[in-house]
Each structure stands twice: as structure tokens, then as C-alpha cells.
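Residue indices begin at 1 and follow the sequence shown. What you see is a predicted model; the values in this text were computed from it and never measured. Atom set for the values below is all heavy atoms of this structure, side chains included, hydrogens, waters and symmetry mates excluded.
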Amino acid sequence: MTIAVLDAQPQTPSARALMERALDPYILLGMPHLSPAGLSETWLMKELGHRHWLMLARHLGMDNADFRTADGREVYASICATSMTGTKLQLARANDVLAIRSSLHRISRTQYSSRHHLSIGGTSIADVELISAFVRRDIEGDNRSLVRVEHARSKGEILATSELAATAAALRRGTAQTHLGMTPATGRHLKSFRFKPSMAEEFNGAGLFYFAEFQALMTRALEAWFPEQRLDVVRRDVFLKGNIGAQDAVTIELSVVKPGDTGIACRLLRPDGTEIAILFALLRDG
């Protein structure tokens with residue numbers, strides 16, 4: 001017997017309608033969403049990044065997430081800091097229903113924060129915050145030439161505050177050296193791991209090294225450095241300072257391991273030694 005599946009809709013839905021569908025708070029979990037350890041953190045960050053951009057477009061009254069300058073040049077809502085806390089991704093199983101409750105807040109002339117509470121069956125499995133900044137390439141095709149772009153502020157719009165954004169700004173300026181009790185020092189490291197990203201796998205549709213891959217690279221490095229150790233991350237904060245070109249290899253350096261292996265700090269470097277990210281993880285003790 002042949003079963004035909006018919007499309008009951010006579011017309012393709014609009015991009016705006018599909019944006020609303022993509023922001024549905026419920027997702028039935030299956031193999032694309034999972035790893036042997038539970039919910040895939042890389043899938044999750046990509047999904048929340050997508051929701052962040054769609055929420056931003058909706059907030060700005062746009063029909064899709066095609067951000068542009070006044071003269072028509074492409075603008076990207078580039079993620080520049082992430083924080084995942086209260087992490088229990090190991091609780092996720094196939095056929096569970098993941099609930100994602102999200103909110104979006106403007107926090108500066110160029111930045112927005114989105115916050116996402118994740119739960120399964122009423123049990124919290126993580127809280128995630130993403131900070132984005134509007135950027136464009138100053139030089140076409142050059143991922144090292146990203147510059148921030150101010151976006152018009154809506155009348156009466158009140159700016160929210162974000163501790164994560166404040167920490168990111170302090171780390172960029174060099175006015176803060178320590179986060180979560182760890183100081184990733186420049187010029188010395190305990191271990192290093194080199195990785196050559198693939199354009200087909202680690203870069204996004206804008207040709208940028210995808211923000212979700214920064215934390216994935218930290219996981220790869222930790223597995224290489226500590227192959228016999230179970231690394232159960234309960235918090236991960238990532239602060240992004242730049243991007244890489246298509247042919248660049250990157251080096252991740254292990255800067256700090258807290259006593260009892262309860263905390264780890266790393267630095268991500270371009271081939272010329274320029275720091276493009278600082279990554280922190282707190283591990284479940286025992």
C-alpha cells in the first residue's frame with residue numbers, strides 16, 4: 001500500500017509566518033537534537049542563535065532576518081558572548097518535549113540580549129543568555145575586518161542591563177582579568193590544541209566561523225587533553241573578540257585548571273597569536 005502525504009496548504013507560507021513557527025516554544029526531541037550525553041550543546045546553541053535573530057527581526061518589525069545598512073550592505077547580528085548555567089543537558093532523551101521560553105532585550109546602541117529558559121516536563125535543564133552586536137565587514141570577504149554598526153533606537157525604548165554584557169566589555173577593554181575566579185593569563189599555558197576548521201562544517205551562511213563552534217572546539221580540546229576524564233559541564237561562558245578567515249587554523253590554549261578540576265579557562269588564538277575568544281567552564285564536582 002502506498003500512502004501519499006499531501007500538502008494541504010495551497011500557497012507557501014510567508015517568511016514572517018514561518019518566523020513565528022520557528023519560535024514555537026516546544027520541540028519534540030529526536031536524533032538531530034541529541035548526543036550520547038543528552039541534549040547536544042552545539043545543536044542547542046545554533047537553535048538559540050537562530051531564535052535570537054528571528055526575535056530580533058520581529059522586534060524590529062521586519063518580515064525576515066535580512067539586516068542591512070541604509071545603503072544596502074549586509075549586517076549581521078553577531079553573537080559576542082554566551083552563558084549557559086544550571087546545565088543538566090544529560091536529562092534529555094529521544095521523544096521528550098523540550099520547552100524553550102525566550103525573551104529579548106536591547107542593552108546598548110549596538111547590542112541585544114536574549115535569555116532562554118529550557119525545561120523538559122517542568123524540570124529545568126539550562127538557562128542561556130546570548131549577547132549580539134550588529135556588525136558588518138569593513139573589507140568585503142575579510143572576516144577580520146568586522147566593525148560594529150549602530151541601529152536606530154525605537155521611540156521610548158528603554159535599555160535593559162546585562163551582567164554578561166558588562167563582563168564581556170570589561171574583558172575586551174582589559175579592565176577585568178578574572179571571571180568565575182579564574183584568570184586566563186597571556187603568554188603562558190598548560191596545554192594547547194590546534195584545529196583546522198572546515199568551511200562546510202564550522203562556518204555559517206555568512207562565511208563566518210559560527211559562534212556555536214567556539215564552545216564545541218573547547219569540548220574537542222578538553223577531550224584531547226583529558227581523554228580518561230568525564231567532563232560534566234554545569235556552566236560555560238564564552239566571550240568572543242573576533243573571527244577567522246576560511247584558511248585559518250586556530251589554537252586553543254588551556255590557561256587555568258582550578259583545584260579539583262572544578263573549573264577550566266581557555267584562550268582561542270588565530271595563527272598570528274591574536275586572541276579571538278576566552279572560554280570558561282565550571283565542572284560538576286565528582
Side-chain angles (χ1 to χ4, degrees), residues 34-46 79-92 125-126 128 164 167-168 171-172 176-203 209-245 247-286:
L34 299 169
S35 76
L39 193 67
S40 165
E41 186 178 345
T42 302
W43 170 82
L44 175 62
M45 299 308 281
K46 289 181 177 181
I79 303 298
C80 53
T82 70
S83 179
M84 183 173 66
T85 60
T87 309
K88 300 174 185 175
L89 302 187
Q90 72 277 9
L91 298 181
I125 65 167
V128 179
L164 179 64
T167 301
L171 289 171
R172 280 196 309 272
Q177 303 295 329
T178 300
H179 180 60
L180 302 180
M182 293 178 279
T183 304
T186 303
R188 65 174 179 83
H189 60 275
L190 306 173
K191 297 175 182 287
S192 66
F193 178 80
R194 188 175 182 273
F195 181 72
K196 178 66 169 67
S198 164
M199 279 296 290
E201 296 294 338
E202 282 84 31
F203 287 76
F209 189 59
Y210 208 4
F211 84 93
E213 299 296 340
F214 284 77
Q215 123 272 323
L217 179 53
M218 183 183 193
T219 298
R220 287 189 184 95
L222 293 178
E223 289 177 351
W225 294 330
F226 309 106
E228 304 302 321
Q229 187 172 341
R230 182 173 177 268
L231 299 168
D232 191 359
V233 175
V234 296
R235 175 169 180 170
R236 195 190 308 260
D237 291 0
V238 180
F239 301 94
L240 298 88
K241 299 182 175 183
N243 212 273
I244 61 173
Q247 303 304 317
D248 287 345
V250 291
T251 298
I252 184 165
E253 294 183 346
L254 177 63
S255 293
V256 178
V257 178
K258 291 181 73 173
D261 296 344
T262 56
I264 291 173
C266 299
R267 300 169 63 238
L268 189 61
L269 310 174
R270 290 188 184 125
D272 64 3
T274 303
E275 183 179 84
I276 58 171
I278 310 176
L279 308 97
F280 300 86
L282 295 181
L283 308 179
R284 186 168 280 110
D285 193 4

*Asks:* If I take atom CG from residue Asp237 and atom OG1 from residue Thr167, how far apart are they, to the nearest 0.5 angstrom?
*Replies:* 8.0 Å
*Asks:* Please report the closest heavy-atom contact between Val250 and Leu217, naming both atoms and the distance.
*Replies:* CG2-CD2, 3.5 Å
*Asks:* Are more than 12 heavy atoms from other residues, nucleotides or ligands located less than 6.0 Å from atom NZ of Lys88?
*Replies:* no
*Asks:* Do NZ/NE/NH1/NH2 and the carboxylate oxygens of Lys46 and Glu213 come within less than 4.0 Å?
*Replies:* yes
*Asks:* With a 6.0 Å cut-off (strictly less than), is the heavy-atom count around CZ of Arg220, excluding the residue itself, greater than 12?
*Replies:* yes
*Asks:* For a quick test of reading the model, state the closest non-hydrogen atom pair linking Ala265 to Met182 and the distance between them.
*Replies:* N-SD, 3.9 Å
*Asks:* Under a 3.5 Å cutoff, is there a donor and acceptor pairing between the side chains of Thr178 and Thr183?
*Replies:* yes
*Asks:* Compare every heavy atom of Leu171 with every heavy atom of Ala176, then report the nearest pair and how far apart it is.
*Replies:* O-CD2, 3.4 Å
*Asks:* Please give me the minimum heavy-atom distance between Phe209 and Asn243, naming the atom from each residue.
*Replies:* N-OD1, 2.9 Å
*Asks:* Within the side chain of Ser255, is there an N or O that forms a donor-acceptor pair under 3.5 Å with the backbone of Pro184?
*Replies:* no
*Asks:* Answer yes or no: is there a donor N or O on one side and an acceptor on the other, between the side chain of Thr87 and the main chain of Leu89, under 3.5 Å?
*Replies:* no
*Asks:* Inspect the contact between Glu275 and Lys241 and indicate whether a charged nitrogen and a carboxylate oxygen are less than 4.0 angstrom apart.
*Replies:* yes
*Asks:* The test is side chain to side chain donor-acceptor pair (under 3.5 Å); show your working for Ser192 and Arg267 and say whether it passes.
*Replies:* CA-CA 9 Å; Ser192 66; Arg267 300 169 63 238; over 6 Å; no
*Asks:* Under 3.5 Å, is there a donor-acceptor pair linking the side chains of Arg236 and Thr219?
*Replies:* yes
